[in-house]
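One structure is given below, encoded as structure tokens.
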2 protein chains.
Amino acid sequence: MFSKACEYGIRAAVYIALQSLDGRRVSVNEIAEEIDSPIAFTAKILQQLSRNNIIHSVKGPTGGFQIAREDMDAVKLNMIVKAIDGDKIYVGCGLGLKECNAQKPCPLHDKFVDIRTDLSKMLKSTSLFELATGLEVGLTYLKR
Amino acid sequence: MFSKACEYGIRAAVYIALQSLDGRRVSVNEIAEEIDSPIAFTAKILQQLSRNNIIHSVKGPTGGFQIAREDMDAVKLNMIVKAIDGDKIYVGCGLGLKECNAQKPCPLHDKFVDIRTDLSKMLKSTSLFELATGLEVGLTYLKR
DNA sequence: CATTAATCGGACAAAAATGTCCTTTATTTG
DNA sequence: CAAATAAAGGACATTTTTGTCCGATTAATG
């Protein structure tokens with residue numbers, strides 16, 4: 001469904017949000033440790049998220065990554081997915097046809113559109129804050 | 001969503017079914033031409049489908065691939081997906097966690113399960129025959 | 001102002017997915 | 001039985017994704 005990069009990206013963003021709720025800024029090393037991901041690869045992904053203004057980065061000692069409380073509400077999952085995987089999840093034919101649309105649909109078109117609409121709605125309506133608070137109260141987990 | 005191999009596999013299977021409805025047995029070359037896919041790669045995928053008894057192959061002159069009318073009803077999309085991509089679409093965490101389940105869910109678990117259940121239902125309930133007949137009456141397309 | 005701690009960014013490496021080529025095997029047909 | 005045809009299968013090539021390494025840049029702190 002999502003690429004590895006995107007999986008790490010979402011997990012990292014949720015972890016950063018969780019720590020930001022406590023006013024903590026976190027380093028790549030800590031993030032990779034806590035979400036169980038490869039450090040250098042995670043760093044690349046965080047750069048992407050930072051360039052897309054999804055998370056905020058600070059260089060130098062005491063630096064790291066953080067997310068402002070308001071941004072946790074504004075940032076929805078679809079923004080993270082788009083920043084990392086592009087829009088291939090939302091666009092394009094389920095069977096790989098170049099020109100597949102309502103006028104000239106592939107055999108799976110309608111059924112596929114239904115599924116993808118649901119997925120799209122879910123990603124557009126799920127905020128980082130929502131995911132971070134689930135973690136905070138111990139309902140969900142990020143590791144293993 | 002699906003791998004390229006799986007996309008080609010589904011398209012090929014639907015095309016074989018369509019031709020089998022007319023009693024025609026088709027070669028890899030014709031299939032690849034008609035579904036616009038790389039020939040040799042398509043041949044590999046057809047081998048997989050054949051080994052999994054999803055399509056029937058016949059060697060030698062006048063040989064090729066075909067699907068019996070009864071099998072078009074019996075073969076559902078999920079069988080093709082499973083034969084080619086395995087069960088990674090059905091199993092495993094949306095965020096890539098190794099142990100993610102109702103007891104120890106990732107932050108996206110519930111929402112992800114919903115989407116995947118829908119996808120799974122769709123694949124399990126869609127037969128090759130259904131897709132082939134849509135093609136036959138000119139409602140859908142397999143190329144471009 | 002030197003040291004240190006952190007991200008940034010580019011080059012490289014490894015693994016997986018996609019795709020090609022060529023030989024072997026089975027089968028039909030003249 | 002020989003020739004031709006088509007799938008089967010193995011080895012190899014290319015591309016994409018995943019992952020690593022290291023020097024450059026930025027900023028805090030003694």
Side-chain angles (χ1 to χ4, degrees), chain A residues 1-13 15-16 19 24-33 35-67 81 83-86 88-89 92 95-96, chain B residues 1-13 15-16 19-20 24-67 81 83-86 88-89 92 95-96:
Chain A
M1 188 80 85
F2 305 128
S3 68
K4 275 286 160 199
C6 196
E7 290 177 0
Y8 296 148
I10 295 173
R11 274 152 63 190
Y15 180 75
I16 295 167
Q19 295 305 319
R24 295 190 62 233
R25 195 183 277 165
V26 288
S27 70
V28 179
N29 286 280
E30 175 179 338
I31 295 168
E33 168 69 23
I35 70 171
D36 195 28
S37 67
I39 299 178
F41 192 43
T42 304
K44 294 284 183 218
I45 297 160
L46 291 175
Q47 281 179 41
Q48 285 185 269
L49 295 181
S50 179
R51 275 196 293 265
N52 282 274
N53 297 309
I54 289 168
I55 60 180
H56 180 67
S57 78
V58 178
K59 279 187 172 185
T62 77
F65 297 90
Q66 68 193 51
I67 305 179
V81 173
I84 299 175
D85 283 349
K88 67 182 171 189
I89 274 203
L95 297 186
Chain B
M1 187 81 84
F2 305 128
S3 68
K4 275 285 160 198
C6 196
E7 290 177 2
Y8 296 148
I10 294 173
R11 275 151 63 189
Y15 180 75
I16 295 167
Q19 296 305 318
S20 291
R24 295 190 62 233
R25 194 182 278 164
V26 287
S27 70
V28 179
N29 287 278
E30 175 178 339
I31 295 168
E33 168 69 24
E34 290 302 320
I35 70 171
D36 195 27
S37 67
I39 299 179
F41 192 43
T42 304
K44 294 282 182 219
I45 296 160
L46 292 175
Q47 281 179 42
Q48 285 186 269
L49 294 181
S50 180
R51 275 195 293 266
N52 282 275
N53 297 309
I54 288 168
I55 59 181
H56 180 68
S57 78
V58 178
K59 279 186 170 185
T62 77
F65 297 89
Q66 67 192 54
I67 305 179
V81 173
I84 299 175
D85 283 349
K88 65 181 171 189
I89 274 204
L95 297 186

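Reminder, nothing fancy here: chain letters follow the sequence lines and each chain counts from 1. The figures that follow rest on heavy atoms only: side chains count, while hydrogens, waters and symmetry mates do not.
For DNA chain C, the outermost nucleotides in 5' to 3' order that have an atom under 4.0 Å from a heavy atom of chain B are C:dT18 to C:dT28.
Although no hydrogens or angles enter the test, the distance criterion places a donor-acceptor pair under 3.5 Å between the side chain of B:Asp85 and the main chain of B:Ser3. Side chain of A:Ser50 to backbone of A:Leu46: no donor-acceptor contact under 3.5 angstrom is found.
Remark: A:Lys59, A:Gly60, A:Pro61, A:Thr62 in residues 54-65 of chain A come within less than 4.0 Å of DNA chain D through at least one heavy atom.
For the atom pair OG1 of B:Thr42 and CD of B:Glu34, the computed distance is 12.5 Å after rounding to the nearest 0.5 Å. Between atom CD1 of residue B:Ile55 and atom CD1 of residue B:Ile31 there is a gap of 6.5 Å, rounded to the nearest 0.5 Å. Expressed to the nearest 0.5 Å, how far CD of A:Gln66 lies from CZ of A:Arg25 amounts to 4.5 Å. To the nearest 0.5 angstrom, A:Gln19 atom CD is 11.0 Å from A:Ile67 atom CD1. In this structure, the separation between CZ on A:Phe2 and CG on B:Leu95 is 7.0 Å, given to the nearest 0.5 Å.
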Please list, pair by pair, any protein nitrogen or oxygen found under 3.5 Å from a nitrogen or oxygen in nucleotides 18-21 of chain D.
from, atom 1, to, atom 2, distance (Å)
D:dT18, OP1, A:Lys4, N, 3.0
D:dG19, OP1, A:Tyr8, OH, 3.4
D:dG19, OP2, A:Tyr8, OH, 3.2

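Contact annotation: B:Gln47 side-chain N/O to D:dG9 OP1/OP2 distance is under 4.0 Å.
Closest of all the heavy-atom pairs between A:Arg24 and A:Tyr15 is NH1-OH, 4.3 Å. B:Leu49 approaches B:Ala13 most closely through the heavy-atom pair CD1-CB, 4.5 Å. Across every non-hydrogen atom of B:Gly9 and B:Ile45, the tightest pair is CA-CG2, 3.7 Å.
Distance B:Arg24 CZ to D:dA6 C1': 15 Å, rounded to the nearest Å. Rounded to a whole Å, the CD atom of B:Glu30 is 16 Å from the P atom of D:dT5. Atom NZ of B:Lys88 and atom C1' of D:dT17 are 12 Å apart (whole Å).
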Quiz item: For DNA chain C, what dot-bracket results from Watson-Crick or G-U pairs at under 3.5 Å, with [ ] for crossers and | for inter-strand partners?
Solution: ||||||||||||||||||||||||||||||
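In this structure, B:Glu33 and B:Glu30 have side chains that are not in contact, with every pair of non-hydrogen atoms separated by 4.5 Å or more.
Using a 4.0 Å heavy-atom criterion, one finds that B:Arg25 contacts no nucleic acid atom at all.
For A:Lys4, the side chain to side chain contact (heavy atoms under 4.5 Å, CB included) partners at least two apart in sequence or on another chain are A:Glu7, A:Tyr8. Remark: A:Ala43 pairs with A:Val28 by the side chain to side chain contact (heavy atoms under 4.5 Å, CB included) rule, at least two apart or across chains.
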